[in-house]
Amino acid sequence: MVTCLKLGDVRIHRIIEQEAPFFELKAFFPALTDEVLEENLSWLQPKHVDPTTGKLVLCIQSYLVQTPHHTILIDSCVGNGKARPARPFWHMMTSDRFERGLAATGVHVNQIDYVMCTHLHVDHVGWNTRLENGRWVPTFPNAKYLFADRELAFWTERHKDQPEACPWISDSVLPIVEAKRFELVKSNHSLSELVHLVPTPGHTIDHYSVRVGKVGADAFITGDMVHSPLQMRYPELGMMSDFSSDQAGQTRRVVFTQLSDTPTVVCTGHFPSPSVGRITRWDNGFRFLEN
Ligand SMILES: [Zn+2]
């Protein structure tokens with residue numbers, strides 16, 4: 001499924017790789033209490049929490065942004081043929097869904113100018129590379145891949161110490177570095193007057209989100225600064241792979257305060273379809289109003 005959003009001269013497409021119940025809710029949100037869960041299950045089920053398994057439903061997707069000047073892929077899902085023994089549902093995937101989704105936008109892999117990885121986790125870097133004659137090569141041969149400088153430094157170091165703990169760095173990040181297709185940027189980098197990175201640290205050390213379009217007709221592509229609307233209602237609720245849940249919570253509160261009750265379209269990384277909407281206040285937190 002591909003949906004297209006038009007904001008002035010900017011078009012935004014979703015490219016979905018997977019959408020399914022993936023994680024045990026209380027493992028995913030370690031600080032979630034039974035009481036809070038109970039209070040929210042009525043609106044979380046069945047869309048966000050699968051009633052049969054109790055697992056959190058997530059969409060794994062990329063956003064393709066077309067401006068008059070650039071074609072940009074934001075995040076690159078899990079990818080095919082990659083060994084992920086710790087995550088059976090992402091292990092050695094053979095799906096053609098991502099490639100079909102990209103083809104449906106009419107954009108060819110050669111036409112991507114930039115690949116932006118909001119952060120360097122397994123489900124955001126996968127299609128950076130593909131296997132060719134036994135080697136991992138850039139999937140988007142003409143693209144520059146934008147990595148936040150402190151994010152790449154952190155994961156390069158982690159990979160040196162414990163390569164088996166982050167196999168995606170071996171097959172989906174370092175080959176881009178070796179092929180010299182990357183560009184190191186600050187997480188507040190501006191690509192053009194229509195595309196700005198916004199630092200949203202906490203989930204990872206130097207995570208960024210991306211703001212596109214002109215003020216009044218813009219979108220905020222979150223990456224993983226938020227995983228579920230439950231973290232909008234409770235911005236301080238951390239998730240299991242956070243670098244710093246405290247910092248991630250502060251980031252959410254600041255960003256949601258800025259975005260709430262504005263026309264800015266919020267394009268989330270992992271919310272179930274349609275994944276896109278606006279933010280309004282809800283008690284001491286925020287509510288996601290789907291498009
Ligand atoms: Zn993610």
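Whatever order the structure lists ligands and atoms in, that order sets their numbers, starting from 1.
Residue contacts to the Zn ion (ligand 1): His124 brings an N, O or S atom closer than 2.8 Å.
Cation-pi geometry between Lys160 and Trp155 is not met: the NZ or CZ atom fails to fall both under 6.0 Å from the ring centre and inside 45° of the normal. Geometrically, Arg233 engages Trp282 in a cation-pi contact, judged by NZ or CZ lying under 6.0 Å from the ring centre and within 45° of the ring axis.
Distances from the Zn ion (ligand 1) to the N/O/S atoms of Asp224 are shortest for OD2. Distances from the Zn ion (ligand 1) to the N/O/S atoms of Asp123 are shortest for OD2. Of all N, O or S atoms in His270, the one lying closest to the Zn ion (ligand 1) is NE2.
Met232 and Leu44 are assigned to two separate hydrophobic clusters, defined by single-linkage of ILVMFWY side chains at heavy-atom distances under 4.5 Å.
Taking the six-membered ring where the residue is Trp, His207 and His119 present tilted rings, their angle falling between 30° and 60°.
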